[in-house]
Amino acid sequence: MGMTDPIADLLTRIRNAQQARHEIVTLPSSNIKKAVLEILKHEGFIEDWSFQADEHQGKLNVILKYDNDENGIILGLKRVSSPGCRRYVKGKEIPQVLGGLGVAILSTSHGVLSDRDARRQNVGGELLAYVW
């Protein structure tokens, strides 16, 4: 498979690391992943993330977040659009994830945005993922 779909790779690694109760997951860096992680952090789904330079494209270290019972904060991660089947929505058509408890992440002309920010700016774009 390789890195044909860096977003799917990011979501899978977070999902697997959280199931294994890891504190930190490390993955290859890319600008789109940084943007997605920034939204996950802002929306409270991860503790933090950082970039670490190396001789390649660099690494991202993601600090996962757990509740007091050590259950992962993220209940679900779903890749929506994919390289083979892109899903675009208009600003007025951005879906609510779990009645607003979850977040849709979109790639728009204004950058990678949460559904809330995209609605506020009334911009549509490619529906990258749902997180709840």
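If you read the sequence from its start, that first residue is 1, and numbering goes on from there.
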Minimum heavy-atom distance between [X] and [Y], given as atom pair plus value:
X	Y	result
F51	Q57	CE1-O, 3.7 Å
P95	V89	CD-CG1, 4.5 Å
V97	Y130	CG2-CD2, 3.5 Å

What's the separation between atom [atom1] in [X] and atom [atom2] in [Y], rounded to the nearest 0.5 Å?
X	Y	atom1	atom2	answer
I63	I46	CD1	CD1	8.5 Å
S81	I105	OG	CD1	13.0 Å
W132	L75	CH2	CG	8.5 Å
K34	L60	NZ	CG	6.5 Å
N122	I94	CG	CD1	7.5 Å
Y66	I74	OH	CD1	9.0 Å

| query | Is there side-chain contact between L128 and V80, with at least one heavy-atom pair below 4.5 Å? | reply | no

| query | Under a 4.5 Å cut-off applied to non-hydrogen side-chain atoms, are L10 and L37 in contact? | reply | yes

| note | Applied to residues 116-132, the salt bridge (charged side-chain N to carboxylate O under 4.0 Å, His left out) test, sequence neighbours excluded, yields E43-R116, R86-E126, D115-R119, D117-R120

| request: Scan for salt bridge (charged side-chain N to carboxylate O under 4.0 Å, His left out) pairs involving residues 87-103, sequence neighbours excluded, and state none if there are none. | output: none

Not counting sequence neighbours, which residues clear salt bridge (Lys or Arg N to Asp or Glu O under 4.0 Å) with [X]? List them please.
X	value
D54	K59
K78	none
E47	none

Would you say [X] and [Y] are hydrophobically clustered, going by side-chain heavy atoms of ILVMFWY under 4.5 Å?
X	Y	answer
I32	F45	yes
L11	L101	no
L127	L40	no
V131	I73	yes
L77	L113	no

Side-chain polar contacts of residues 19-30 - donor-acceptor pairs under 3.5 angstrom, sequence neighbours left out - could you list them?
residue	atom	partner	partner atom	Å
R21	NE	E70	O	2.9
T26	OG1	N61	OD1	2.8
S30	OG	K33	N	3.3

| message | When you measure from the side chain of D67 to the backbone of D69, do you find a donor-acceptor pair of N or O atoms at a distance under 3.5 Å? | response | yes

| field | Heavy-atom donor-acceptor pair, R15 side chain to G76 backbone, under 3.5 Å | value | no

